[in-house]
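For reference, the structure is listed below as structure tokens.
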Amino acid sequence: MSVFQRHAGQHGEVLNVESVAVPDIVRAVGTPVYVYSKRHFEHQYAAVSNAIAGCGTDTRICYAVKANSNLSVLRVFADLGAGFDIVSGGELARVMAAGGDPARVVFSGVGKTTEELDLALKLGIDCFNVESVAELDRLATRAELLSRPARIAIRVNPDVDAATHPYISTGLKENKFGVPAATAIDLYRKAASHPALVPAGIACHIGSQISRPDPMIEALNKLLDLVDALADEGIELTHLDLGGGYGVRYREEAEFDIGAYGARVRAALQGRQLSLSVEPGRFLVANGGLLVTRVEYLKPAAETAGRQFVVVDAAMNDLIRPALYRAWHGVEGVGVPGDGAIDGIWDVVGPVCESGDFLARERRLTVAAGDLLAVTSAGAYGMAQSSNYNTRPRPAEVLVDGDTFRVIRRRETPEDLYRHELAAAPGGPR
Ligand code: LLP
């Protein structure tokens with residue numbers, strides 16, 4: 001299913017998101033702008049939900065807030081019944097602001113502060129995915145002090161190669177995440193004997209943009225060995241949190257076979273009294289988003305030393321994935337190219353003062369100054385990883401639903417960016 005289709009408009013074929021023409025959004029909101037499709041989010045959620053149905057005594061999708069944390073996006077998933085995977089107090093605040101249920105929240109991450117633990121304890125989140133001995137000790141102290149028993153899972157590092165980009169691999173023993181199986185057993189023993197801790201589950205997350213189910217199933221089997229070893233000691237876990245991000249298609253990657261994954265998880269959990277949660281981010285949102293940008297200038301080969309540049313009004317601060325991971329995003333014209341368009345092989349670059357500021361390299365495009373371009377697959381880790389580098393106000397965000405759209409985050413202004421700073425103007429605070 002693609003929610004992005006070209007339809008004939010007044011000025012030829014234009015890109016639509018669901019039933020809304022992208023130029024209509026740009027006329028109202030300007031560029032650069034992130035545009036998301038609600039229908040795509042719902043479709044992907046249903047795909048995961050169907051795939052894991054019947055795996056274990058209960059199943060839950062905990063949307064990984066970090067992928068796209070706009071309140072309206074969180075709201076879409078809350079309305080579908082999702083729980084949330086968070087990694088900070090800020091993300092927890094967002095979940096609450098979006099009307100999410102804290103009782104369906106799991107808290108991952110290696111560096112939870114005392115303040116963050118306290119907030120999560122007071123709100124009564126479902127589970128803390130504990131990643132170190134020191135964190136377990138801190139959580140025990142805080143839970144006891146606040147008289148709020150904490151349900152915990154130990155995040156195990158299963159030492160499985162997820163075969164993904166090194167920056168987004170999390171389950172190898174050299175990664176900072178989780179603890180090895182032997183340490184996990186010690187932590188469960190400790191938790192079981194502590195009055196304020198409830199050893200409820202076991203968790204792992206082996207990486208992101210994983211193309212095949214195999215490494216996740218390998219991790220799952222390692223976790224189940226641990227569940228059995230703990231049961232032998234009388235520590236009965238009831239919950240399994242199987243993290244590992246299902247890959248999406250940016251270019252020509254194979255679609256992750258979510259159905260096959262579900263079938264294998266179901267078979268592995270057959271006959272066990274374990275509930276299952278998964279924590280997808282990218283799979284739910286990546287291909288439901290575009291970053292729409294306008295061409296400011298062309299620098300054709302005739303005036304450069306060889307390469308040709310399309311200079312657009314979006315930049316690495318808006319979408320850092322190409323600069324950070326050399327990630328590939330599609331770039332396509334939104335409408336018919338403007339007068340004087342030049343066909344060629346172009347680098348699509350932004351105005352930021354860094355040579356790493358590119359959105360795409362060596363793409364065949366027929367393009368004119370003033371054209372609108374859409375950067376595809378930008379729904380995950382796009383706006384969520386944006387910054388204000390070069391004092392660039394971040395883009396607006398728009399959510400399309402059928403034939404209507406809504407601004408779900410207004411464009412920032414320069415004043416938004418220095419609001420928290422002391423003014424140095426004469427007469428201003430010093
Ligand atoms: N749960 C945990 C504990 C995680 O660390 C992550 C991602 C997820 C869930 C969601 O994984 P997903 O389903 O999105 O693959 N910025 C990078 C991705 C970093 C992912 C880090 N952890 C990118 O733009 O590709």
Side-chain angles (χ1 to χ4, degrees), residues 34 41 44-45 47-48 51-52 60-69 73 77 82-88 91-92 95 105-112 127-132 135 153-158 162-172 175-179 201-213 215-216 219 240-251 253 256 258 261 277-289 291 316 318-329 359 375-387:
Y34 276 100
F41 296 165
Q44 293 300 99
Y45 186 89
V48 178
I52 64 169
R60 181 188 301 170
I61 299 172
C62 290
Y63 169 62
V65 172
K66 64 168 80 70
N68 184 330
S69 46
V73 175
F77 291 118
F84 295 94
D85 169 65
I86 59 159
V87 291
S88 70
E91 288 190 350
L92 181 51
V95 168
V105 166
V106 296
F107 195 167
S108 307
V110 294
K112 304 175 191 83
C127 194
F128 293 84
N129 289 350
V130 173
E131 305 219 14
S132 64
E135 184 192 332
I154 302 299
R155 176 164 171 184
V156 176
N157 184 330
T164 186
H165 190 289
Y167 283 13
I168 55 177
S169 157
T170 50
L172 283 170
N175 297 134
K176 69 179 174 182
F177 301 99
V179 298
I202 187 161
C204 76
H205 188 276
I206 59 170
S208 191
Q209 183 61 4
I210 299 172
S211 54
R212 295 168 51 231
M216 299 185 204
L240 195 140
D241 180 345
L242 188 57
Y246 320 133
V248 300
R249 178 177 287 169
Y250 286 94
R251 191 177 190 178
E253 301 93 327
F256 183 86
I258 191 83
Y261 161 86
S277 63
V278 293
E279 10 180 285
R282 187 192 315 267
F283 190 78
L284 298 182
V285 293
N287 279 325
L291 173 59
M316 66 189 291
D318 305 307
L319 178 66
I320 202 172
R321 301 193 71 257
L324 193 56
Y325 317 110
R326 301 209 156 232
W328 193 97
H329 286 260
L359 298 175
V375 182
T376 60
S377 310
Y381 305 109
M383 187 64 172
Q385 293 195 114
S386 64
S387 77

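In each ligand, atom 1 is the first atom listed, and ligand 1 is the first ligand listed.
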field: Within-4.5 Å side-chain heavy-atom neighbours: Leu92 and Phe107
entry: no
Ligand 1 to Gly281 polar contact by distance, N or O atoms, under 3.5 Å: yes
Gln44 (side chain) donor-acceptor with Phe283 (main chain) under 3.5 angstrom: yes
field: Main-chain N/O of Asn129 paired to Lys112 side chain as donor or acceptor, under 3.5 Å
entry: yes
- request: State the atoms of ligand 1, each with its element, that fall below the 4.0 Å cut-off from a heavy-atom position in Ala64.
  value: 8 (C), 9 (C), 10 (C)
task: Could you see which bit of Arg282 sits under 4.0 Å from ligand 1, with heavy atoms only: side chain, backbone, both or neither?
output: both
message: Considering both backbone and side-chain atoms of Tyr246, is one of its nitrogen or oxygen atoms within less than 3.5 Å of a nitrogen or oxygen in ligand 1?
response: no
- prompt: How does Ala67 reach ligand 1, if at all, at less than 4.0 Å between non-hydrogen atoms: by side chain, backbone, both, or neither?
  reply: neither
With Ala82 via side-chain contact (heavy atoms from CB on, under 4.5 Å) - residues at least two apart: Tyr45, Phe77
message: With respect to Ser108, determine whether any N or O atom, backbone or side chain, lies less than 3.5 Å from an N or O atom of ligand 1.
response: no
- prompt: Which atoms of ligand 1 have any heavy atom of Pro280 under 4.0 Å away?
  reply: 13 (O)
query: Is a side-chain donor or acceptor of Tyr63 paired with a backbone partner of Asn68 at a separation under 3.5 angstrom?
result: yes
- prompt: Do Ile61 and Ser277 have side chains that get closer than 4.5 Å, going by heavy atoms?
  reply: no
statement: Judged by heavy atoms only, the candidate from Gln385, Lys66, Arg155, His205 nearest atom 11 (O) of ligand 1 is His205
task: Pick one of side chain, backbone, both or neither for how Tyr325 approaches ligand 1, counting any non-hydrogen atom pair under 4.0 Å.
output: side chain
- request: Side-chain contact test, heavy atoms from C-beta onward, threshold under 4.5 Å: evaluate it for Phe41 versus Leu284 and give yes or no.
  value: no
